[in-house]
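Here's the structure, in structure tokens; my notes come after.
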Amino acid sequence: MMICLRVLGSFILLSIAGIPFACEGNLQGDVGENVEWPAVTVPTEGSPWPLPQNMQTGTDVFALSDMTFRFSYAGATSCNILDQAFLRYFDIIFYGHPLRKAEGKPQYGAHMKPSKLGANLLPGLTVAETDCSEMYPSLQSNENYTLTVSSDMASLKAASIWGVLKGLETFSQLVYESDMGGLIVNSTTITDFPRFAHRGFLIDTSRHFVHVKYIFQMIDALAVNKMNVLHWHITDDQSFPYESVMFPMLDAQGAFSPMHVYTQLDIAAVIAYARDRGVRVMPEFDTPGHAASWASIKDFLTPCYSGGKPDGTTGPVNPIVNATYDFLGKFFGEIHDVFPDNYVHVGGDEVSFKCWQSNPDITEFMKQMGFGTDYAKLEQYYMQKLLALLDSLKVQSIVWQEVVDNGVQIAPATVVEVWKGGWEKEMSQVTKLGYKTLLSSPWYLNYVKNPYSQNWKSYYGVEPLNFEGTAEQKKLVMGGEACMWGEYVDGTNIIQRTWPRASTIAERLWSASTVTDVNAAAPRLAEQRCRMVRRGLQASPVTGPGFCKFEYDL
């Protein structure tokens, strides 16, 4: 905490803890540099985020009125997901947030008479898509779209509903308020597609429980930024808030309390809410480490020894008993039934060998298997059996990088997520082994830094393919993820701490590799932040002083 008083034109520092500051003309940054007072950032108007791959904007301007504007299909094809999206985006464009509609709070000018809007009216947006068959988005989903705004009508074309959703989001962002107070849009032609197929965000609901309504808000924010994966790190050492149908003792004994559990209805609601916005929900159940909250399963965790006797503590999953794999097969069978996504993250990070080393039964097992004292081979034994179980369920697995770092031989189809420092070298090594990869290392947003350093710029400046490797290696990069680990985050601050900093990562993973100018990005990011605020998301200001036309008022 820092308290500064201004006395006769000078600042006096009263107290400070943690980050060093100086309360005077310049600010002392978190790495000792002098940081100038930031200037006012004036948001752009009608500039979409992330920046489309190809966009031409004309000078012709068209007005929108809620009395005349309509979404429609170009042909006979219609989809329930798109029907709902049409209603949602109508409210977004003209109200910002459904609560404003319910409370009679339209955006200024939304109800202006057409004759007073000062521009030709745009009658609506027609949508043409060729495939409405996908029930859920996947890694292979086509998100490409083309969007044209001209005098007679706006048109959106896409090969799938997921591309249509991305195009609807872009159209909504092209609309802005004119000087006269009405809603307008410029003539525009856009051809757009994502650079990377996996553009994710990790939430951690074990260290702090996050209420479903805030998970919904997070999904809304992902959609605004064209991110398409909610990586749900549901369980960890601290708590087990997932309601298991087959093993009800897991949450009964592992959750913080009965109130801190995601029921099957909650999970189904999250999956459906995300699907309707083109977002995948990818669960993570981390083992063999980070599994203390699974203690209700008999003999699942390894008993630790001290002085040749059990000391009453437990360590990682016990990999030497058959019951472990019987349980895991049934448990992940349930997960496969509950979560429709093709991928499940199974962790594998930060496995301490100390408890395994202390246990005489494991020592004997190591001898019988010819492992000697190489406990990485025991880890490999466990991971290979676990991944084989998932493969039998036709589930594709993702692991953290330690699994490969420890020399574990895993199936070629396994995806490796790189999260530690020195990511460039790690990405080179992992892809050289032939594994598909995800990058999250430079995008851990839970590390709070001095806001005056505007650390969003460092996130924006990361190039995921900036590592030594062949063109074939770089094709193995599926994308990346921003992460918000939950030690100091819950529903009270997760949105503010995440957005719009994560927006910079969204643009890095969607837009062309040449889009790197932070000075050009700053006013666009300020607009994106205001856009989220208008939609009821308490996104924090990160580009310096300024204001939004529609301040948070829900």
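These figures come from a predicted structure and were not determined experimentally.
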With a distance cut-off below 6.0 Å to the six-membered ring centre and an angular limit of 45° from the axis, does [X] pair with [Y] as a cation-pi contact?
X: K474; Y: F467; answer: yes
X: R88; Y: F86; answer: no
X: R508; Y: Y460; answer: yes

Report task. Quick one: sort the F71 and F69 rings into parallel, tilted or perpendicular, breaks at 30° and 60°. Result ->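 The rings of F71 and F69 stand perpendicular, inter-plane angle above 60°.
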Requested in this report: Determine the interplanar angle of the W37 and Y452 rings, folded into 0 to 90°, and report it as parallel if under 30°, tilted if 30 to 60°, perpendicular if over 60°.
Outcome: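 Correct class here is perpendicular.
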Query raised in the report: What is the minimum heavy-atom distance between N225 and W49, and which atoms define it?
Result: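 Shortest heavy-atom separation between N225 and W49 comes out as OD1-CD1, 3.7 Å.
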Residue pair [X] / [Y], side-chain donor-acceptor N/O under 3.5 Å:
X: S133; Y: D131; result: yes
X: H208; Y: E487; result: no
X: T170; Y: Y145; result: yes
X: N142; Y: Q140; result: no
X: Y176; Y: N186; result: yes
X: H233; Y: D204; result: no

Donor-acceptor list for residues 410-418 side chains, cut-off 3.5 Å, not counting sequence neighbours:
unit_1: T414; atom_1: OG1; unit_2: A411; atom_2: O; d: 2.9
unit_1: E417; atom_1: OE1; unit_2: H345; atom_2: NE2; d: 3.1
unit_1: E417; atom_1: OE2; unit_2: S440; atom_2: OG; d: 3.2

Requested in this report: Using the salt bridge (charged side-chain N to carboxylate O under 4.0 Å, His left out) rule, take E507 and R524 through it: C-alpha gap first, then chi angles, then the decisive distance, then the call.
Outcome: CA-CA 11 Å; E507 181 152 289; R524 294 178 48 247; 2.6 Å; yes
Query - By salt bridge (Lys or Arg N to Asp or Glu O under 4.0 Å) - contacts of E284 (at least two apart) - result: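 Applying salt bridge (Lys or Arg N to Asp or Glu O under 4.0 Å) to E284 gives none.
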